[in-house]
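Read the structure below first, then the notes.
Source: prediction; values computed, not measured. Lettering follows sequence order; numbering is per chain, from 1.
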Number of protein chains: 2
Amino acid sequence: MSRKRFPSKRPGLGQRNTRQRDVILDVICSARGPLTAAGILPRAAKRIRGIGIATIYRTIKLLLEQERISAVILPTGETRYEAQGLEHHHHFQCTRCGQVFCMDFCPFTKSGFARLPRGFRVESHSVTTYGKCPECGK
Amino acid sequence: MSRKRFPSKRPGLGQRNTRQRDVILDVICSARGPLTAAGILPRAAKRIRGIGIATIYRTIKLLLEQERISAVILPTGETRYEAQGLEHHHHFQCTRCGQVFCMDFCPFTKSGFARLPRGFRVESHSVTTYGKCPECGK
DNA sequence: CTTTGTGCAAAGAATTTGCATACAG
DNA sequence: CTGTATGCAAATTCTTTGCACAAAG
């Protein structure tokens, strides 16, 4: 049910430089858009014969912990991964072509709208905030 | 992977009024915020001994097709369900207890912040906007 | 009665984990 | 060498489906 967001880092993990990790990170970072785990596998397999899906998932988890990639969850519930930019950003999905874009605007700043790139027309949006509810905030 | 959002309605389905359907709809509609399928089960089971998780899922699908409830997919990928026809709103998840609340504020209005209920403390948020990208907007 | 709906258990799909082996440092 | 990382397959988790029985109309 509740998926752990930031699993406690087990000491002694993510210590070594392996070809698998390099390739998986590169596949994610050089893709045109965010990829699913299943989409990463064949791309990585072209460069490393026999790489397994478990390695893809384990590496994704590691890269997420290291904040080198971030997860993008589409409205269908599909999880994809993209390179982690340093700046706080959100996403925009075109309702016609389905492409997902990164937007450097944030509606939580007063000038949020000003930072919406030219040409993008917002039709709807979904916002989820996280924090402490009244009972837990005491 | 891609979950069908509105499967073709098979004729002859959703014809009958059953206690299970009434109770499941009521559980979803009278909750404080959107519920997961697993969260609906125990609430419905209090009123109908022996109700099964398969019935929860089948009824959720039916209610979605009838547009009596809608799915809320949180940025964690967790899928929840809430009554349909509520006013435009967003959600707030407590980072401690995990509960999800409906918030009638919207950051896309100038006075958005003023409508954040007392006692809720925002720590982070995630926003996805939908619309037409430059190429598709022509 | 006839047909749809339900509960149970098995099947699927996506992701995680255990374990023996491979390999980085 | 020592201990981490990988690949495989089994295990989990969440959701769907097949089937026989229950129940709505």
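The CD atom of B/Gln66 lies 9.5 Å from the OG1 atom of B/Thr59; values are rounded to the nearest 0.5 Å. To the nearest 0.5 Å, atom CD1 of residue A/Ile60 and atom CD1 of residue A/Ile24 are 7.5 Å apart.
Taking atom CG of residue B/Asn17 and atom C1' of nucleotide C/dT4, one finds them 12 Å apart after rounding to whole Å. We find that CZ of A/Arg21 is positioned 15 Å from P of C/dC23, with the value rounded to whole Å. Regarding A/Ile60, its CD1 atom lies at a distance of 13 Å from the P atom of D/dT6, rounded to whole Å. The separation between B/Leu62 atom CG and D/dT15 atom C1' is 16 Å, rounded to whole Å. Rounded to whole angstrom, the span from the CD atom of B/Glu65 across to the P atom of D/dT16 amounts to 11 Å. Whole-Å rounding puts the A/Lys61 NZ to D/dT6 C1' distance at 16 Å. Rounded to an integer number of Å, the gap from CD1 of A/Ile51 to P of C/dA22 is 17 Å. Whole-Å rounding puts the A/Leu41 CG to C/dA14 C1' distance at 13 Å.
Projected onto DNA chain D by closest heavy-atom contact, B/Thr18 and A/Arg49 fall at different nucleotides, the more 5' of which corresponds to A/Arg49. Where B/Arg58 and A/Ile53 each meet DNA chain C at their nearest nucleotide, the meeting point lying more 5' is that of B/Arg58.
Distances were taken from every side-chain heavy atom of B/Thr55 (C-beta onward) to each of D/dT17, C/dG7, D/dG7; the shortest belongs to C/dG7. Closest to the side chain of A/Ala37, out of C/dT15, D/dG7, C/dC8, is C/dT15. Checking C/dT16, D/dT15, D/dT6 against every side-chain atom of A/Tyr57, the shortest atom distance belongs to C/dT16. Distance from the side chain of A/Arg16 is smallest for C/dA24 among the nucleotides C/dT3, D/dT15, C/dA24. Nearest to the side-chain atoms of A/Ala54 among the listed nucleotides C/dG5, C/dT6, D/dC8 stands D/dC8.
Put simply, A/Gln20 has no side-chain N or O that comes within less than 4.0 Å of OP1 or OP2 on C/dC23. Residue A/Thr79 places no side-chain N or O under 4.0 Å from the OP1 or OP2 atom of C/dA14. At the phosphate of D/dA5, neither OP1 nor OP2 sits under 4.0 Å from any side-chain N or O atom of A/Arg19.
Checked for salt-bridge contact, A/Glu78 and A/Arg80 meet the test: a charged N lies under 4.0 Å from a carboxylate O.
Across B/Ile69 and B/Leu64, no two heavy atoms sit closer than the pair O-CD2, 3.6 Å. Contact detail for A/Gln20 and A/Ile48: the closest heavy-atom pair is CA-CD1, 3.5 Å.
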